[in-house]
Structures are given as C-alpha cells and as structure tokens.
Number of protein chains: 2
Amino acid sequence: MIDSNFVERCDNVVIHEDVVNKVRDQMPEAEHLYDLADLFKVFSDTTRVQILYALDLSEMCVCDIANLLNMTQSAISHQLRILKQVSLVKNRRDGRVVYYSLADDHVKKILDQGFAHVIE
Amino acid sequence: MIDSNFVERCDNVVIHEDVVNKVRDQMPEAEHLYDLADLFKVFSDTTRVQILYALDLSEMCVCDIANLLNMTQSAISHQLRILKQVSLVKNRRDGRVVYYSLADDHVKKILDQGFAHVIE
DNA sequence: TGAACATATGAGCAACCGTTCATATGAACA
DNA sequence: TGTTCATATGAACGGTTGCTCATATGTTCA
C-alpha cells in the first residue's frame with residue numbers, strides 16, 4: 001500500500017510525488033534506455049531472429065540463408081546490413097562469397113533469455 | 001573454411017546444400033522464433049522500456065508514470081495495455097487509482113541482459 | 001578483358017506502430 | 001444521485017519499417 005500524500009490533481013502534476021522523485025533518481029540514464037530499446041528493435045523482426053539463430057549453428061553465406069528462409073537474396077542482404085551495423089554479426093569474404101557469423105556469444109545470451117520466456 | 005560442394009547456382013537453389021540442411025534440422029521451431037520476435041518487439045520502444053524500469057523500482061499508478069516520463073496519460077495507458085497483454089506487467093485497483101508492477105522478475109533479466117550489451 | 005555470378009544498395013510502396021484527441025468507463029465523495 | 005477524477009479506449013494521422021524491383025559493385029574464370 002502506497003501511503004504518500006496526494007499532492008496535486010493528476011492531470012496537472014503528480015499523485016505520489018515522493019514515489020516519482022525516488023524512481024526518477026534511481027532510473028538509468030534516459031540515453032541508455034533509448035539505446036536499449038534500439039537494441040531490442042533489432043531483435044524484434046522474425047527474419048532477423050531466424051538469421052541470428054541460423055548463424056549460431058553455422059557460419060553461412062547470404063545465398064544459403066536466403067534459401068534456408070525461403071526469401072529473396074536482397075531481403076536477406078538488407079537485414080544482414082542492419083545486423084552488421086549494430087555489430088551483432090561479422091563477415092568474411094572468400095572469393096565472390098561472403099560468409100556471415102555471430103559477432104560474439106553475447107548475442108546468443110540475449111536470444112536465449114527471451115527464448116526461455118517464450119517456451120514456458 | 002566451408003568445403004561443401006557447390007550444388008547449384010545461387011539464384012536457383014543453394015550453394016552449400018549440406019550446411020543448409022544441417023542448419024534447417026537444428027533450427028528452433030519457426031513458431032517459437034516468431035513468438036520470440038514478438039516478445040522483443042514489446043521491448044523495442046523507449047516508452048515501454050522506461051515504464052518497465054520504473055516499475056522495477058516501484059509499483060506506480062498510470063498518472064505517476066505519465067508525470068515521470070513527461071507524457072500523456074493516454075499514451076501511457078495505451079502502452080500499459082500492451083505490456084499487460086503479453087503479461088509483462090500486472091495491476092491492482094485501489095479505489096480510482098490503478099497500480100502497475102512487473103509481472104515477474106524474468107522481465108528484469110531480459111532487460112538487464114540487453115542493458116549489459118548497451119553500456120559496454 | 002569480358003562474361004558470369006554473389007552480394008550490396010537505392011528508390012518506392014504497403015503495412016505497421018506510437019502518439020494525439022475525443023470520449024467512455026467506473027469508482028469516490030459531497 | 002450527480003459531480004469529480006483516474007483510467008481506458010477507439011479513430012485517425014504521421015513516421016517508421018521490411019520487402020520488392022532494378023541496378024551497382026566486386027570477384028572469378030575463360
């Protein structure tokens with residue numbers, strides 16, 4: 001039960017001023033939370049999640065991924081560009097073929113943490 | 001170095017057929033990955049991330065959150081509805097006031113896992 | 001060098017999303 | 001009971017996003 005005094009009407013100021021002040025003090029920096037939402041945004045598309053899980057199993061070239069997911073080479077390439085921009089995947093060139101793989105195992109940890117919540 | 005034979009031209013079938021088949025076998029169910037992307041979608045908005053971090057610090061009513069984040073009561077209420085639909089927050093009513101809190105500590109784990117990646 | 005091929009990329013479009021605005025709901029208090 | 005107030009919600013609008021299509025880039029090989 002919250003016992004802080006009702007300071008003002010809600011549509012003007014706050015109801016529980018002390019609670020709001022306490023939370024405001026302890027909140028992480030707004031910029032960090034903005035970056036955090038941006039990070040999750042990358043994980044919020046089915047195609048990208050599928051790509052990341054595929055790359056966790058094996059490094060793959062663009063064409064293989066396109067065939068695995070039954071999608072256009074262009075669509076996959078666009079998504080890989082996004083994943084690379086935020087350093088979730090890295091790539092290496094071997095002749096004409098470009099192989100992609102996960103940038104680090106942190107990526108998998110984030111995926112798995114969410115996955116655990118989904119399969120329950 | 002991947003040593004599988006080049007089976008077909010890329011724009012028709014696959015390059016590394018064995019790799020694609022192996023990955024296809026080991027991939028999590030497509031439906032799970034779809035749900036996973038949907039879960040991350042909820043975390044992919046700054047407003048919702050701020051709400052979740054705030055609720056981790058203290059249960060709060062709609063009006064307090066609106067004031068904390070300097071946003072409309074309506075906007076916050078819409079977002080809380082989304083968070084409740086996917087069971088990330090719960091609420092209790094006390095008279096006219098509705099207090100929201102995190103549904104479980106799994107939510108914080110997902111946030112923190114991402115946060116660790118952001119602040120590095 | 002020129003043809004073939006894997007990949008990258010820019011423009012454009014349709015679908016989705018988060019906000020605002022107006023209004024409805026539901027509880028308290030006079 | 002009627003007014004007040006906290007919250008909920010539907011419609012609408014502007015911005016974002018993921019795909020397609022066309023084309024560019026860069027490497028190989030004849």
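Excluded from the calculations below are hydrogen atoms, water molecules and symmetry mates; all remaining heavy atoms, backbone and side chain alike, are included. Every chain is numbered from 1 and lettered A, B, ... according to where its sequence line falls, protein lines coming before strand lines.
Atom C1' of nucleotide D:dT20 and atom CG of A:Leu69 are separated by 17 Å, given to the nearest angstrom. Distance CG (A:Asn91) to P (D:dT25): 19 Å, rounded to an integer number of Å. Separating the CZ atom of B:Arg81 from the C1' atom of C:dT20 is a distance of 16 Å, rounded to the nearest angstrom. Computed from coordinates, the B:Gln85 CD to C:dC17 P distance equals 12 Å when rounded to whole Å. Going from atom CD1 of A:Ile82 over to atom C1' of C:dT9 covers 12 Å, rounded to whole Å. Between A:Asp38 atom CG and C:dC17 atom P there is a gap of 17 Å when expressed in whole angstrom units. Between A:Asp64 atom CG and C:dA6 atom P there is a gap of 11 Å when expressed in whole angstrom units. To the nearest angstrom, C1' of C:dT7 lies 13 Å from OH of A:Tyr99.
Residues B:Asp105 and B:Lys108 are not paired through a salt bridge, judged by the lack of any N-O separation under 4.0 Å between the basic side chain and the carboxylate.
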request  = If a protein heavy atom is under 4.0 Å from the base, mark B; if only from the sugar-phosphate, S; if neither, -; do that for nucleotides 12-17 of chain D going 5' to 3'.
outcome  = -----S
task = Between protein and nucleotides 22-30 of chain C, map the contacts as a letter string: B base, S sugar-phosphate only, - none, heavy atoms under 4.0 Å, written 5' to 3'.
result = B---BBS--
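In terms of the side chain to side chain contact (heavy atoms under 4.5 Å, CB included) criterion, residue partners of A:Val98 (sequence neighbours excluded) are, by chain and number, A:Asn91, A:Arg93, A:Tyr100. Applying the side chain to side chain contact (heavy atoms under 4.5 Å, CB included) criterion to B:Ala37, with sequence neighbours excluded, gives A:Thr46, A:Val49. Partners of A:Phe43 by ring-ring contact (aromatic ring centres under 6.0 Å, His included), not counting sequence neighbours, listed by chain and number: B:Phe40. Partners of A:Asp104 by salt bridge (Lys or Arg N to Asp or Glu O under 4.0 Å), not counting sequence neighbours: none found. Residues satisfying the side chain to side chain contact (heavy atoms under 4.5 Å, CB included) criterion with A:Gln113, sequence neighbours excluded, are B:His106, B:Lys109, B:Ile110, B:Gln113. Listed by chain and number, the residues in a ring-ring contact (aromatic ring centres under 6.0 Å, His included) with A:Tyr53 are A:Phe115 (sequence neighbours excluded). Under the side chain to side chain contact (heavy atoms under 4.5 Å, CB included) criterion, B:Ala75 pairs with B:Met71, B:Thr72, not counting sequence neighbours.
By the 4.5 Å heavy-atom criterion applied to side chains, A:Ile65 and A:Leu55 are counted as neighbours.
Looking at the side chain of A:Ser77, the nearest of the listed nucleotides D:dC19, C:dT19, C:dT9 is C:dT9. Picking from C:dC21, D:dC19, C:dG10 the nucleotide with the shortest atom distance to the side chain of A:Met71 gives D:dC19.
Distances shown here put every side-chain N or O of A:Thr72 at or beyond 4.0 Å from the OP1 or OP2 atom of D:dC19.
We find that the ring of A:His78 and the base of C:dT9 stack, their centres lying under 5.5 angstrom apart and their planes tilted less than 30°.
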